[in-house]
**Q** 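So that we are looking at the same thing, I have put the structure below in structure tokens.
Heavy atoms only: backbone and side chains are in, while hydrogens, waters and symmetry mates are out. Everything quoted here is computed from the prediction, not taken from an experiment.
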Amino acid sequence: MSRIYNFSAGPAMLPQDVMSKAASELTEWRGSGMSIMEMSHRSKEFVSVAEKAEADLRELLNIPDTYKVLFLQGGASSQFAMVPLNLLRGNNKADYINTGTWSKKAIAEAKRFCDVNVAATSEVSNFTTITPRTDWTLNSDAAYVHYTPNETIQGVEFHTIPDTGNVPLVADMSSTILSRPIDVSKYGCIYAGSQKNIGPAGLTIIIVREDLLGDELKGTPTMFSYETHAKAGSMYNTPPTYSWYIAGLVFEWIKNKGGLDAMAGINRRKSDKLYAAIDNSDFYSNPVELESRSWMNVPFILANADLDGKFLEEAKGAGLVTLKGHRSVGGMRASIYNAMPEEGVDALIEFMAEFEKKNK
Ligand SMILES: *Cc1c(COP(=O)(O)O)cnc(C)c1O
């Protein structure tokens, strides 16, 4: 089989080892006589898969016992509503930090449920910077502060956790979860769609502090209540069983690789060398301020945009695909999540240098 390097922002590459294992278990899972896909989510076989996945995720992220971990459907986009529905808790004010496309979507949805204070926005810089924490105008009586640690489209990332005092911090970690260790205890709630760094699409993981549960906005649908799912172990209804299973294989793969410290080391190296290749040329450029560059999503533009089509076509010929930037920002974007091997980044850098030489 010949696999190419897929720089898609999501759904994104999965580790080869995970897919080989899944392939070997596809039609029959460990002597059970059936596929995971055909199993009752309440069977002891699937429950063992689900419990192991949660235990491994807890171990990887060092999640305190006072937090629930939920495995739901609906994508990160559903969380844009579920966060205010569950976390306002009788309050009608929430603070949001605007750092790009995904924060904007979260803000627009939250406005349906409460007064949103945009405590900081980097829109004037076209989202190439992050407003320093000291310049945020937080409300001390906000129900929570929401931010997007990694903006998948603009390629800006927080490299430290902002301090919000006693106000719970809520994070959309869709495109950065599991890329490095994080201190979960600093957060009230973390959520992430799976299709970037966790597994196949269809699963959304929510890590939420237990004491924040149980005070939903009046009229919240049962399925939109965190407490519903927390009480039922994410089995109030049928969870996305196959995605949950693959996520479990990905967690095991990360553990085997040495955990999140090891991931962080590799991710840092991969992104450092790609940014260096971009910065050391006047043919390519990345507009993001140095201290806020994403480890996961690296946008770059060609000095001559007329060459974009040719770049993409020849990259594809070299086995490097899905490098087109998001339609809202143009140019190129290389998404280099955990599953992108370092060799894939090396191959991209080599191709970029060749292309520059031939087209300068
Ligand atoms: C991809 C992404 C989303 C949207 O995820 P869905 O699962 O498609 O709803 C939200 N936030 C961020 C930061 C993302 O990268």
Side-chain angles (χ1 to χ4, degrees), residues 47-72 76 79 82-89 91 94-95 97 133 138 142-150 157-194 196-199 203-216 225-236 239 244 247-248 250-264 267 338:
V47 168
S48 75
V49 167
E51 285 177 349
K52 172 150 193 328
E54 179 175 340
D56 284 347
L57 180 65
R58 283 183 176 276
E59 185 184 327
L60 282 170
L61 284 169
N62 197 14
I63 302 174
D65 290 343
T66 48
Y67 286 71
K68 292 286 189 188
V69 180
L70 311 179
F71 291 78
L72 309 185
Q79 297 311 309
M82 283 177 83
V83 163
L85 287 171
N86 287 275
L87 302 181
L88 282 169
R89 296 165 294 126
N91 193 331
D95 284 347
I97 309 306
R133 168 67 189 86
L138 295 175
Y144 59 86
V145 180
H146 179 283
Y147 83 121
T148 310
N150 184 67
E157 181 161 17
F158 286 77
H159 293 288
T160 54
I161 301 175
D163 180 9
T164 55
N166 289 328
V167 181
L169 182 60
V170 178
D172 173 1
M173 286 205 188
S174 296
S175 51
T176 181
I177 193 164
L178 299 175
S179 65
R180 65 176 87 191
I182 46 162
D183 183 352
V184 173
S185 73
K186 295 267 196 303
Y187 292 90
C189 177
I190 291 168
Y191 63 89
S194 57
K196 279 101 186 203
N197 228 359
I198 296 173
L203 169 71
T204 314
I205 289 184
I206 294 109
I207 302 166
V208 59
R209 224 173 65 203
E210 246 162 17
D211 65 288
L212 300 175
L213 301 181
D215 190 6
E216 304 89 352
S225 154
Y226 288 152
E227 196 177 42
T228 297
H229 300 290
K231 280 189 168 156
S234 302
M235 298 212 189
Y236 174 78
W244 192 335
V250 170
F251 302 155
E252 226 172 68
W253 175 80
I254 296 174
K255 278 176 60 178
N256 291 338
K257 286 249 167 190
L260 296 185
D261 282 314
M263 283 294 136
N267 287 325
N338 288 346

**Q** Within a strict 4.5 Å, meaning less than it, do heavy atoms of the Val69 and Leu57 side chains meet?
**A**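 The answer is yes; the side chains approach within 4.5 Å.
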**Q** Excluding sequence neighbours, so at least two apart, what forms ring-ring contact (aromatic ring centres under 6.0 Å, His included) with Phe251?
**A**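 For Phe251, no residue satisfies ring-ring contact (aromatic ring centres under 6.0 Å, His included) once neighbours in sequence are set aside.
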**Q** Between Trp244 and Ile205, is a side-chain contact (heavy atoms from CB on, under 4.5 Å) present by the stated rule, with each step listed?
**A** CA-CA 10 Å; Trp244 192 335; Ile205 289 184; over 6 Å; no
**Q** Is there a donor-acceptor pair under 3.5 Å between the side chain of Tyr67 and the backbone N or O of Tyr187?
**A**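 Confirmed, Tyr67 side chain pairs with Tyr187 backbone.
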**Q** Is there side-chain contact between Leu70 and Tyr191, with heavy atoms separated by less than 4.5 Å?
**A**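 The answer is no, as the side chains (C-beta and beyond) never meet within the 4.5 Å cut-off.
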**Q** What are the two closest non-hydrogen atoms of Ile198 and Ala192, and how far apart are they?
**A**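 It is CD1-CB, 4.1 Å.
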**Q** Return the OG to NZ distance between Ser225 and Lys231, rounded to the nearest 0.5 Å.
**A**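 The OG atom of Ser225 sits 8.0 Å away from the NZ atom of Lys231.
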**Q** To the closest 0.5 Å, what do you measure between CG (Leu87) and CG (Leu213)?
**A**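 If I round to the nearest 0.5 Å, the distance is 8.0 Å.
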**Q** For Ala142, is there any backbone N or O sitting under 3.5 Å from a side-chain donor or acceptor partner on Asp95?
**A**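 Answer holds: no.
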**Q** Is Ser174 reaching over with its side chain to a backbone N or O of Gly193, donor-acceptor style, under 3.5 angstrom?
**A**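 Judged by distance alone, yes, a pair lies under 3.5 Å.
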**Q** Might you point out which heavy atoms bring Ala247 and Leu203 nearest each other, and give the distance in Å?
**A**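 Residues Ala247 and Leu203, closest heavy atoms: CB-CD2, 3.7 Å.
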**Q** Distance from Leu260 atom CG to Asn338 atom CG, nearest 0.5 Å?
**A**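 So the CG of Leu260 and the CG of Asn338 are separated by 8.0 Å.
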**Q** Counting only heavy atoms not in Lys52, do more than 12 sit closer than 6.0 Å to its NZ atom?
**A**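 Check passes, neighbour count above 12.
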**Q** Measuring from Thr204:OG1 to Met82:CE, what's the distance to the nearest 0.5 Å?
**A**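 Rounded to the nearest 0.5 Å, the OG1-CE separation comes out at 8.5 Å.
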**Q** Quick one, Ile207 with Met173, criterion side-chain contact (heavy atoms from CB on, under 4.5 Å). Give me CA distance, side-chain angles, the key distance, then yes/no.
**A** CA-CA 11 Å; Ile207 302 166; Met173 286 205 188; over 6 Å; no
**Q** Minimum heavy-atom separation for Ile206 and Gln79, please, with both atom names.
**A**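 So the two residues come closest at CD1-NE2, 3.5 Å.
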**Q** Could you walk me through whether Leu61 and Leu178 satisfy the side-chain contact (heavy atoms from CB on, under 4.5 Å) test, starting with their C-alpha distance in whole Å, then the side-chain angles of each, then the deciding distance to 0.1 Å, before giving a yes or no?
**A** CA-CA 8 Å; Leu61 284 169; Leu178 299 175; 4.1 Å; yes
**Q** Rounded to the nearest 0.5 Å, what separation is found between the NZ atom of Lys186 and the CG atom of Leu169?
**A**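 Interatomic distance, Lys186 NZ to Leu169 CG, rounded to 0.5 Å: 10.5 Å.
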**Q** Restricting to non-hydrogen atoms, name the atom on Leu72 and the atom on Ser234 that form the minimum distance, rounded to 0.1 Å.
**A**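 In this case the closest contact between Leu72 and Ser234 is CD2-OG, 4.3 Å.
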**Q** Could you check whether atom CG of Asp183 has more than 12 heavy atoms from other residues, nucleotides or ligands sitting under 6.0 Å from it?
**A**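 Enclosed.
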**Q** Assess the residue pair Glu216 and Leu85 against the criterion (side-chain contact (heavy atoms from CB on, under 4.5 Å)); give the C-alpha distance rounded to whole Å, side-chain angles, the decisive distance to 0.1 Å, and a yes or no.
**A** CA-CA 6 Å; Glu216 304 89 352; Leu85 287 171; 5.6 Å; no
**Q** Is there a donor-acceptor contact under 3.5 Å from the side chain of Asp56 to the main chain of Lys255?
**A**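 Here the side-chain-to-backbone pair does not exist.
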**Q** Side chains of Glu227 and Tyr236: do they bring a donor and an acceptor to under 3.5 Å?
**A**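 The answer is no; no qualifying pair exists.
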**Q** What's the spacing between Arg133 CZ and Ile161 CD1 if we round to 0.5 Å?
**A**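 Answer for the CZ-CD1 pair, Arg133 versus Ile161, is 13.5 Å.
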**Q** Please name the pair of heavy atoms, one in Asp172 and one in Ala76, separated by the smallest distance, quoted to 0.1 Å.
**A**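 Taking every non-hydrogen atom into account, OD1-CB, 4.3 Å.
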**Q** Give me the one residue out of Asn150, Asn197, Thr148 that meets side-chain contact (heavy atoms from CB on, under 4.5 Å) with Ser175.
**A**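 By the side-chain contact (heavy atoms from CB on, under 4.5 Å) criterion, Ser175 pairs with just one of Asn150, Asn197, Thr148: Asn150.
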**Q** State, with a plain yes or no, whether a side-chain heavy atom of Leu88 is found less than 4.5 Å away from one of Tyr144.
**A**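 Heavy-atom side-chain distance check passes, below 4.5 Å.
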**Q** Mind checking whether Asn267 and Arg180 have side chains closer than 4.5 Å, heavy atoms only?
**A**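 Not in contact.
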**Q** At their closest point, which heavy atom of Arg58 faces which heavy atom of Pro64, and how far apart are they?
**A**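 Nearest pair, atom of Arg58 first, then Pro64: NH1-O, 3.4 Å.
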**Q** Using the side chain to side chain donor-acceptor pair (under 3.5 Å) rule, take Glu157 and Thr176 through it: C-alpha gap first, then chi angles, then the decisive distance, then the call.
**A** CA-CA 9 Å; Glu157 181 161 17; Thr176 181; 2.8 Å; yes
